[in-house]
Amino acid sequence: MIGDSEMSDRIERERIIRLNANKRRKGIFVLYWMQASQRASCNHALEYAIDSANEKSEPLLVFFGIYSKYPAANARHFRFMLEGLAETQRELAERGIRLIVRACSPDEGAIELAKQASLVVTDRAYMRLPRQWRARVASSIDCPLVQVETNVVVPVEEVSHREEYAARTIRPKIGKLLERYMVPLHERIPKRNSMSLDFESLDISNPDRTIDALGIERNVPPVDIYRGGTSEARERLRHFLTEKLARYPFCRNDPNAGCTSDMSPYLHFGQISPLEVALAVSKIRSPASDEYLEELLVRRELAINYVYYNENYDSFEGLPGWAKKTLRIHSKDTREYIYSDSDFEMARTHDPYWNAAEKEMILTGKMHNYMRMYWGKKILEWSRSPEEAFSLAIRLNDKYELDGRDPNGYAGVAWCFGKHDRPWRERPIFGLVRWMDSSGLKRKFDADLYVYDIEKLWAEKR
DNA sequence: ATCGGCTCGCGCAA
DNA sequence: TGCGCGAAGCCGAT
């Protein structure tokens, strides 16, 4: 596909990819089909759409399709998303841009609205389903579909043309491109106001009412701890930078310390831009900010590289050869414990630390990173086979985590099975895959305090 | 408390 | 072709 920069002097041309060969035509508006980047600020796709609209003095209409059947999504995810979307709608309105929201498969909605558009702009997610949607829209509409990368700091294909092996192989590739791509995005206002365009749109001012109206599953309840939206994300970022970052290197692996940034749900729904976070953090020059940028830029964009280039990102098959081989050799090893899916899901194992991690996820929608590793390793250890373990870990992660169904989640689970890691001393069940044990948790932090706190929360909520 | 060994494959130097 | 080294590991020796 061809890069296209003629319309935007402020967006790096590598972020822009035409997904079909259609020519721009006369239309009533430029359409920004918003999907992955649900925000009004620091959004390259939105800014590109504004430039495109201004160029021909057309108004800009933004469309978001709410797909109530999105795999593994439930009321927890939808409420968080809707809270953010309502704020984004208000923010866009202040710039004279109308955001319409419809309950439909997003590709269907985009195809319908594209009939009246001169040009369609969209943002970018890397999972199977949104990629299918974009492909379908590209071939079904009569005007151009232009994809603008705003979900990563360095565009995926610029970093590498293939699946990277580990953090150490992608780190220098990202590092040398940061100078070019880690630059602020200046925002503009459309020449023509689109607020008066008369299009049917869902009222999303009350998320719970919308959830009921859409008939979305309430089997996993929303959480109160994390409220969706760009302003909430920014407030958390500010708090992280002023109160937590300095001690981040010493306490980030301690679930009791409460010193994580908690950006992942906001990044997952695109409510805050990774570029905005990176620029804010990098203003503080310290070893601590470098350590955080490693997470945000190297680990996060490695996870995206994995999902983008590995079609089996959510199954055992996606693992590296050595890991699959060694896990298969040991798949018949005797397991001291074997739990059913519901034993795991209901936190009914013999291990209080594992149960606490599971309960933290169920209650809060976010398990501490360090416990996520232990949690995944033990599912592997206590399942009938590594294939079943992998698929259960993905299912639980997608269902309960606010940041589930995200490249980070898939790469995180895969890491527990050897992805992006190296081999270690061979042992039963795990083979050469790194093993973890609860004695390690106790060595590194007060694991019993963690259990105590989670059990207390569990008792309060039940 | 600290440290080497475990083990595979990438990427660079030669 | 050889060599160093790697996301969070554990284990056993000192």
Side-chain angles (χ1 to χ4, degrees), chain A residues 159-176 247-257 259-261 264 287-307 309-310 318-330 333 336 351 353-354 357 360 366-382 386 389 393 397 406-447 450:
Chain A
V159 172
S160 173
H161 287 287
R162 59 184 173 86
E163 184 179 356
E164 289 294 320
Y165 187 78
R168 73 187 154 85
T169 65
I170 205 173
R171 188 177 295 113
K173 298 179 183 181
I174 290 174
K176 73 173 188 214
R247 57 195 170 95
Y248 185 71
F250 316 103
C251 65
R252 69 197 189 88
N253 283 336
D254 180 352
N256 300 317
C259 76
T260 52
S261 70
S264 64
S289 63
D290 288 347
E291 209 161 306
Y292 184 77
L293 289 171
E294 164 80 10
E295 303 295 316
L296 180 71
L297 301 177
V298 178
R299 310 293 170 187
R300 179 171 182 273
E301 301 197 1
L302 174 64
I304 289 169
N305 169 280
Y306 166 57
V307 164
Y309 288 112
N310 190 326
L319 296 173
W322 69 267
K324 279 191 282 199
K325 185 176 159 202
T326 193
L327 288 170
R328 281 191 180 123
I329 288 170
H330 289 272
D333 291 359
E336 193 177 351
D351 178 350
Y353 310 107
W354 194 93
E360 181 186 21
K366 203 164 170 298
M367 192 193 303
H368 190 277
N369 266 339
Y370 196 80
M371 293 308 293
R372 285 195 201 202
M373 297 187 280
Y374 180 75
W375 176 86
K377 293 286 184 188
K378 291 303 177 190
I379 295 178
L380 169 57
E381 185 172 348
W382 304 327
N397 188 73
D406 186 273
N408 273 325
Y410 298 117
V413 168
W415 180 86
C416 297
F417 292 72
K419 184 76 199 173
H420 297 153
D421 202 10
R422 62 167 156 145
W424 300 87
R425 172 177 281 149
E426 191 159 22
R427 56 173 299 123
I429 306 171
F430 286 80
L432 300 170
V433 171
R434 183 197 301 256
W435 185 62
M436 286 177 80
D437 184 66
S438 61
S439 60
L441 303 180
K442 287 184 253 191
R443 212 165 29 239
K444 286 170 188 90
F445 63 92
D446 189 344
Y450 173 72

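Proteins get letters first, then strands, A, B, ... in listed order; numbering begins at 1 in each.
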Inset, instruction - Nearest whole angstrom, please: distance from the P of C:dG6 to the CZ of A:Arg168. - result: 8 Å
Inset, instruction - Let me know the distance between CZ of A:Phe417 and C1' of C:dA7, rounded to the nearest Å. - result: 17 Å
Legend entry - Short side-chain N/O contact to C:dA7 OP1/OP2 from A:Arg171, under 4.0 Å: yes
Inset, instruction - Using whole Å, report how far CZ of A:Arg422 lies from C1' of B:dG11. - result: 16 Å
Inset, instruction - To the nearest Å, give me how far apart CZ (A:Phe430) and P (C:dC10) are. - result: 11 Å
Inset, instruction - Output the distance between atom CG (A:Asp437) and atom CD (A:Glu381), rounded to the nearest 0.5 Å. - result: 7.5 Å
Inset, instruction - Please measure how far the P atom in B:dG9 lies from the corresponding atom in C:dC10, and state the result in whole Å. - result: 23 Å
Inset, instruction - Taking the side chain as every heavy atom from C-beta outward, state whether A:Arg372 and A:Trp415 have any pair of such atoms under 4.5 Å apart. - result: no
Legend entry - Sugar-phosphate, base or nothing in reach of A:Ala167, heavy atoms under 4.0 Å: sugar-phosphate
Legend entry - Identity of whatever pairs with C:dC10 - Watson-Crick or G-U, under 3.5 angstrom: B:dG5
Inset, instruction - Find which nucleotide of DNA chain B each of A:Pro172 and A:Tyr165 is nearest to by heavy atoms, and output the residue with the more 5' nucleotide. - result: A:Tyr165
Legend entry - Atom-to-atom span, CZ of A:Arg434 to P of B:dC8 - whole angstrom: 15 Å
Inset, instruction - Between C:dA8, B:dC8, B:dC10, spot the one nearest the side chain of A:Thr169, thanks. - result: B:dC10
Legend entry - Interatomic distance where CG belongs to A:Asp421 and P belongs to C:dC10 [whole Å]: 12 Å
Legend entry - Residue-phosphate contact under 4.0 Å: A:Arg443 side-chain N/O, C:dC10 OP1/OP2: yes
Inset, instruction - Looking only at side-chain atoms of A:Trp322, point me to the closest of B:dC8, B:dC6, C:dC11. - result: B:dC8
Legend entry - Interatomic distance where CH2 belongs to A:Trp435 and P belongs to B:dG5 [whole Å]: 22 Å
Legend entry - Whole-Å distance separating the CD1 atom of A:Ile170 from the P atom of B:dC10: 15 Å
Legend entry - C1' spacing across the pair B:dG4 / C:dC5, given as an integer number of angstrom: 15 Å
Legend entry - Test side-chain hydrogen bond (donor to acceptor under 3.5 Å, both in side chains) applied to A:Asp351 and A:Tyr374, step by step: CA-CA 11 Å; A:Asp351 178 350; A:Tyr374 180 75; 2.4 Å; yes
Inset, instruction - Mark yes or no for whether A:Asn305, through its side chain, and A:Arg162, through its backbone, hold a donor-acceptor pair below 3.5 Å. - result: yes
Inset, instruction - Determine the contact category for A:Glu291: base if any of its heavy atoms lies under 4.0 Å from a base atom, sugar-phosphate if only primed atoms, P, OP1 or OP2 are that close, otherwise nothing. - result: nothing
Inset, instruction - Determine the contact category for A:Arg372: base if any of its heavy atoms lies under 4.0 Å from a base atom, sugar-phosphate if only primed atoms, P, OP1 or OP2 are that close, otherwise nothing. - result: nothing
Inset, instruction - Might you work through the side-chain contact (heavy atoms from CB on, under 4.5 Å) test for A:Ile170 and A:Val298, ending with a clear yes or no? - result: CA-CA 7 Å; A:Ile170 205 173; A:Val298 178; 4.0 Å; yes
Legend entry - Closest nucleotide among C:dA8, B:dC6, C:dA7 to the A:Tyr370 side chain: C:dA8
Inset, instruction - Keeping the roles fixed (side chain from A:Trp354, backbone from A:Trp375), state whether a donor-acceptor pair exists under 3.5 Å. - result: yes
Inset, instruction - Determine the contact category for A:Arg162: base if any of its heavy atoms lies under 4.0 Å from a base atom, sugar-phosphate if only primed atoms, P, OP1 or OP2 are that close, otherwise nothing. - result: sugar-phosphate
